[in-house]
Amino acid sequence: MAEQLSSRFDPKAIEGTIYQAWKDAGYFHVPASRVLEGGADPFVIVIPPPNVTAVLHAGHGLNNTIQDVLIRWRRMQGRASEWLPGTDHAGIATQNVVERLLAMEGVTRDDLGRDAFVDRVWEYVRETGGTILEQLEAIGCSCDWERTAFTLDPGLSRAVREVFVRLYDKGLIYRGEYIINWCPRCHTALSNEEAEGEEVVGRLYHLRYPFPEPSWGAAEAASHAGAEAIARLADGRWYLTVSTTRPETMLGDTGVAVNPRDERYAPLVGADVELPLTGRTIPVVADPYVDADFGTGMVKVTPAHDPNDFEIAKRADLPLLDIMTEAASLNENAPEAFRGMDRFEARDAVLVALETEGLLAGSDAHTHSVPHCYRCHTVVEPRLSEQWFVKTKPLAEPALQASRDGTVTFAPVRWKKVYEHWLENIRDWCISRQLWWGHRIPVWYCGDCSEVIAATEDPDVCRKCGGGELEQDPDVLDTWFSSQLWPFSTFGWPDDTDDLKAFYPGHVLSTAPEILFFWVARMIMIGYEVMGETPFRDVYLHGTVRDSQGRKMSKSLGNGIDPLEVVDRFGADALRFTLISAAGVGTDLYLDPDDLEASFSPGRNFANKLWNAGRFTLTSVGDAPVRPLPEVEADLELEDRWILARLDRATVSVSRDLERFRLHEVADTLYHFFWGDFADWYLELVKSRVQSEDDASREAARSTLVTVFDSICRLLHPLTPFVTEELWGRLPWPEGGERPEALIVASWPTPQPGRADADAEAQMAALQELITQVRSLRKEYGVGEGQEVSVVLSGAPAGFDDTVQTQGAALRRLARVGSAQSGAVPEHGVGAHAVLGNGTEVFLPLEGVIDVEREVVRLREEVQKLENHVADVDRRLANQAFVERAPAEVVERERDKARTAREQLAKLGEKLHHLAGR
RNA sequence: GGGCGCUUAGCUCAGCCUGGUUGGAGCGCCUGCCUUACAAGCAGGAGGUCGCUGGUUCGAGUCCAGCAGCGCCCACCA
C-alpha cells in the first residue's frame, strides 16, 4: 500500500474524495435528537454569515479555519458539534451591487420599480449567491450543510417580524423625526455604527453675520474682554463671527447660540442678526451646549443638518429648515441662486458670495473626523428625517451584566472593556433604511384614521376604523436587525422547536473585531431580550490579515489573498496550518500577497513532512499484524518510553491550549512534537529496529509507531484534516482492537496513566545532547561522516552509562560513533572535548586526526567559558541575601552548578597544561 | 479629547499573568550533505545592551511608574 504513495504530498489527489467521504458519512450533521434523546453534550457555533454576494478572502479563511478547528476538536471529543452555516442578505451592499449592474444597462432602480427591482436582486442572488459557502468546503469547513440558512428565508423573516412587533409592543421600538446619518449616494439612513469617522484635513471658515440697525447690545458686548467675535467694520455696522467647516449649511441657519454663562455675549441674547444671502433674520439664543472657550464662543445653529443644533433648536424653540434633497443638493428652501447645486458646489458658491460681500472673515486649516458611509464611502450628511429606532438602554443592561459577571467572556480579554464601554454609552439604534432589498418594516398606516399597525401577519383592514386603505411602511430594516437574531432564528424560533432546545444557547462566537458592535453586542442584547439568555459564552476576536506593508487586505486596495488560489497551489492543510500558526490570540497576521510561496510554504512543508513521515511509518510497520501496546509493554525500549511520554505531554498541552483558544500554541506544540521529537529522533532511532531479527524489539517498535502516529493524526486533525485523514485511514489497527470508525472522528487522545516517564525523558535528553555534541565536534574538527570515531565518557551520572551502552546502534547510526567507553579521559590524549548538561565529560580521541594547536585553542575557549560560568555562580552564592532569601532548591542548584563546573575546570585545566607543553 | 494595545534576532512573533538554570521558534542568512520517508529534506552554525529612564527586589525581558515611537477603538467641540 504505502509504496504506492508519492514522495511528494499531492493535496489535490485526496481533498475532494475525502471531503465527500465526510459528507457522505453524515459527519457534519447533528440531529437534535442526539442531544435531546441521546444525551450528547452539544457544542454549537453559528457562522458569522458572510454577505450572500461575497467571495472568500483571507479574513474569511482565517475565521472559518478557527471555527472548524474548534468544531472538529469538540466533535472528536464526542460532543454533538453543530456548526451552522449561512449567508446574510446584506441590504445596502447587495442592493448596491445590483444597482451597479443595472447602471451598466443604463437602468435605475426607479425605472424598474420596487417589485421588479427586488425580483431582479433575487435573481442575482439565486444565480451567484452562496458561492462563498461552496468555497468554504474547499478549505475543509465541516459545516452542517443541511441547516444552511439565509437571513431572508421565510422562517428567518418570520422571526424578524415577531421580534419587531414584540419590541414595538413593549415600547422598545419607536418612530420619530431626528437627525440621522444620511448617505446621499445610497439614499438611505445609516446607523451611527455605519457612519465611519475618517480624519480629514479641511478648513474652518469664519463667517460674519451683520446686526440690524440700530444694533443695541453689540457695542456693549464688544466692550467685554475676549469678545473678538463682535466687531464694527469700516462700513460702521456691527458684526458677529461664527465658524463652520460646512459653510453651505449657513443657508439653513435659524439661530446663533452662546453659552448662557458667557458674560461677553449676555447682552446679545434675544437680539436678532441678519443671515447673509438669505434675507432672513435669526435670533441669538443661549444654550449650555456651547463651549465658551472654543472658537469665538458663538455657534451658528442649523437644526435640520446637525444633531447638536437640532437639540439646541428643540430647547430654544427655533424653527427647523431643511435645505437639502435626498441627494444632498440644495432644495427650494435655499435661496434661488443656490438651488439644485450639489452640497460641495454650494459650499464654494456660498464662500464666493460671502467673500464678495466682505462677510468671510478668513479660514484656518482644520483636521477633524468626518463620517463616511461604510458601504460606499460617500461623506455622510446629517439629515432631519422620520425614522424607526430601537430604544437600546433597556436592552443593554443584561448584555452589560453578562460581561461584567463573566457569563460572556472575550478573547483577547481587552475587548471586554471595549464592549462594556460601548454598551454603557449606547445610543438608540436607527433601524429603518430607505432601501428595497431587505425585510420590509411590518407596519401599516391607515389612510382613513391614521392608525399605526405593527403586525406579524399582513393585515387586511384597519383594526381601528375597519375601513380605510392600509399602506405598509416603505422602508426596510437594517441588515443587522435580522443578523442579530441568527443564533436562534436559524433554529426555528419563534416556534418552540427541538433544534432550538438542543442548540440554544451556543458556545463560541468567532469573528473579526470590526463587527463587535454591529453584530456581537446586538446578538447578546437581543438574545437576552428574546430568549432570556446569552446566545454564546465565549467571544473570540481574531486579528486582521494584513499585507507585508501592514495594510489591511481589501478588495479596493487589490492586496488580498485568494484562499482558493492557496488551496490550489499548496493545499487546504497548508493554508489552514499557516493561518493558525501565524495567528496569536487577537494578533494580526502578515502575509505577502505577491509571494504566496514565501507566505504559505511553512504550512505546505509541514503537510509534506507529515505525509512523508506517514509514508515511512506505514512502510516500516508493514502489513503484518501489530500487537496492542499493552502486550509489548515489557519490551519497550528507552526511545519507546520516551516518545510515549512526550506524546502525553503534547496531548495535555494541546487540549489545554484549545480550551483557551490558544490555537497558535497548539500548532507550535504539535509542530515540535511531530517534527522534532517524532520525525527527527524517534523515527531515526527505530529505523534499525523495525527490520530487526529481534522479535521483541521489533514488535515493541511497531506497536509504539502505530500508537504514536495514530495520536499524531488525531491531534493534528483539526488543523490539517485532509492529510491526517488520508494517512490515518491507511494505518493498520492493532490486533484485537476494534477500529472505532472508518473516519478519524473516532476520538480525541487522552493522556494514558503510566506513560509519564521522567527517567526516560532525562536519559533521552542526555543521549540527544551527546549525539548533538559529537556531531558538532565532528563538524568543528572537520572529521567527516565517513570516519567512525570512538567516544570516552567520564563523570557520567548514574544510569547514563547504561543508556549509552544500550544505545550503541543509535550512536552508530546518528553520530557514527564506533564505540563508547566509560572511564578516565586519557591524560595526554589529543582529542575533542565537550561537557554535557548532566556533567558528563565527552572526549573524542582524535590523535593523528587533528592538530594539537587547534585543540589547545579550543580547550582555552572551553576553559574561559567555564571560568566565566563559575565566577557568575560564585558571585551569586557570595551574596548573603540570595542564600538567605532565595528558595532552598534554587540555592542548592547553584551549589551543584559550582561544584560540577569546578571539577570540569580542574580536569580541563590539567589537560590544557599537558597539551600546551607538548 | 478619552480609552486600549504594541515595542524581544534581518523579518513575523512566542515567553511576562505566577520574577530564579545559559532568552526561544518559523522564515531569511552561512557551512557541509541528493544518508533508500521527506532537498518542500538532513546535519552543524552565526545573529539579541529584550524601546528608553527610573523604581521595587537578594535577583527584572518578566512587576510598578514615567518617557518616546508605532497602531487600533471610541467621541457632537462648531
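Using a 4.0 Å heavy-atom distance criterion, A:Ser601 is classed as making no nucleic acid contact. If you check every strand for non-hydrogen atoms under 4.0 Å, A:Lys416 touches nothing. Nucleic acid contact class of A:Asp680 (heavy atoms, under 4.0 Å, all strands): sugar-phosphate only. Among the atoms of the strands shown, none is found under 4.0 Å from any heavy atom of A:Ala598. As judged by a 4.0 angstrom heavy-atom cut-off over every strand, A:Glu311 is placed among residues making no nucleic acid contact. A:Tyr671 comes within 4.0 angstrom of sugar-phosphate atoms only, judged by non-hydrogen atoms across all strands, and of no base. Among the atoms of the strands shown, none is found under 4.0 Å from any heavy atom of A:Arg813. Base engagement by A:Phe294 is indicated by at least one non-hydrogen atom pair under 4.0 Å involving a base atom. Counting non-hydrogen atoms under 4.0 angstrom, A:His206 reaches nothing in the nucleic acid. Across all strands shown, A:Arg414 has heavy atoms under 4.0 Å from sugar-phosphate atoms exclusively, and none from any base. In this structure, A:Glu196 reaches neither bases nor backbone, as no heavy-atom distance under 4.0 Å exists between it and the strands shown. Contacts of A:His672 with the nucleic acid, taken as non-hydrogen atoms under 4.0 Å apart, involve only primed sugar atoms and P, OP1 or OP2.
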**Request:** Could you check A:Ser369 against A:Glu199 for side-chain hydrogen bond (donor to acceptor under 3.5 Å, both in side chains), going step by step and ending with a plain yes or no?
**Result:** CA-CA 4 Å; A:Ser369 174; A:Glu199 286 284 291; 4.8 Å; no
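Taking 4.0 angstrom as the limit, A:Arg604 places none of its side-chain polar atoms (N or O) nearer than this to OP1 or OP2 of B:rA40. Checking the phosphate oxygens (OP1, OP2) of B:rC42, no side-chain nitrogen or oxygen of A:Trp681 falls inside 4.0 Å. An OP1 or OP2 oxygen of B:rA14 is reached within less than 4.0 angstrom by no side-chain nitrogen or oxygen of A:Arg662.
A:Asn259 and A:Asp287 share no side-chain donor-acceptor pair at under 3.5 Å. Side-chain polar atoms of A:Ser363 and A:Arg203 form a donor-acceptor pair below 3.5 angstrom.
Nucleotide B:rA68 forms a pair with B:rU7, judged by Watson-Crick or G-U wobble geometry with both contacts under 3.5 Å. Partner assigned to B:rC29 is B:rG45, using Watson-Crick or G-U wobble distances below 3.5 angstrom. Both distances falling under 3.5 Å, in either a Watson-Crick or a G-U wobble arrangement, occur for no nucleotide opposite B:rU21. In this structure, B:rU56 forms no base pair with any nucleotide, since neither Watson-Crick nor G-U wobble geometry is met with both distances under 3.5 Å.
The base of B:rC38 sits within donor-acceptor range of the side chain of A:Lys609, with an N or O pair under 3.5 Å. Remark: the A:Tyr590 side chain and the B:rC13 base include no donor-acceptor N/O pair separated by less than 3.5 Å. Remark: the A:Arg8 side chain and the B:rA40 base include a donor-acceptor N/O pair separated by less than 3.5 Å. For A:Glu665 and B:rA25, a side-chain-to-base donor-acceptor distance below 3.5 Å is absent, hydrogens and geometry of angles not being considered.
B:rC30 and B:rG66 have their P atoms separated by 46 Å, with the value rounded to a whole Å. Separation of the C1' atoms belonging to B:rC6 and B:rA43 is 37 Å when rounded to the nearest angstrom. Rounded to a whole angstrom, the distance from the C1' atom of B:rG61 to that of B:rC38 is 38 Å. Annotation: B:rU21 and B:rC4 have their P atoms spaced 33 Å apart (nearest Å). Nucleotides B:rC70 and B:rU12 have their P atoms positioned 16 Å apart, rounded to a whole Å. Taking atom P on both nucleotides, B:rG32 is separated from B:rA14 by 35 Å, rounded to a whole Å. Comparing the same atom, C1', in B:rC64 and in B:rU56 gives a spacing of 7 Å after rounding to whole Å. Distance noted for atom P between B:rC58 and B:rA9: 31 Å (whole Å).
A:Phe678 and A:Tyr682 have parallel rings, their planes meeting at less than 30° on a 0 to 90° scale where 60° marks the start of perpendicular.
Cation-pi geometry between A:Arg8 and A:Trp611 is not met at under 6.0 angstrom from the ring centre and within 45 degrees of the axis.
Checking B:rA78, B:rC38, B:rC76 against the side-chain heavy atoms of A:Ser7 singles out B:rC38 as nearest. Among the nucleotides B:rC73, B:rC42, B:rC38, the one closest to the side chain of A:Phe517 is B:rC73. Candidate nucleotides B:rC42, B:rG32, B:rA78 were compared by shortest atom distance to the side chain of A:Lys779, and B:rG32 ranks first.
Between the A:Thr724 side chain and the A:Thr720 main chain, a donor and an acceptor come within less than 3.5 Å of each other.
Rounded to whole Å, the distance from CZ on A:Phe674 to C1' on B:rA25 is 17 Å.
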Give the table of side-chain donor-acceptor pairs shorter than 3.5 Å for residues 668-675 of chain A, with sequence neighbours excluded, one pair per line with atom names and distance.
unit_1   : atom_1 : unit_2   : atom_2 : d
A:Thr669 : OG1    : A:Glu665 : O      : 2.8
A:His672 : ND1    : A:Asp668 : O      : 3.0

List the atom pairs, donor and acceptor, that lie under 3.5 Å between side-chain atoms in residues 566-584 of chain A and the rest of the protein, sequence neighbours left out.
unit_1   : atom_1 : unit_2   : atom_2 : d
A:Asp568 : OD1    : A:Lys12  : NZ     : 3.3
A:Asp573 : OD1    : A:Phe722 : N      : 3.1
A:Asp573 : OD2    : A:Val723 : N      : 2.8
A:Arg576 : NE     : A:Leu719 : O      : 3.0
A:Arg576 : NH1    : A:Asp68  : OD2    : 2.8
A:Arg576 : NH1    : A:Ile139 : O      : 2.8
A:Arg576 : NH2    : A:Asp68  : OD2    : 2.8
A:Arg576 : NH2    : A:Pro718 : O      : 2.7
A:Thr578 : OG1    : A:Ala574 : O      : 2.7
A:Thr578 : OG1    : A:Gly603 : N      : 3.2
A:Ser581 : OG     : A:Phe577 : O      : 2.4

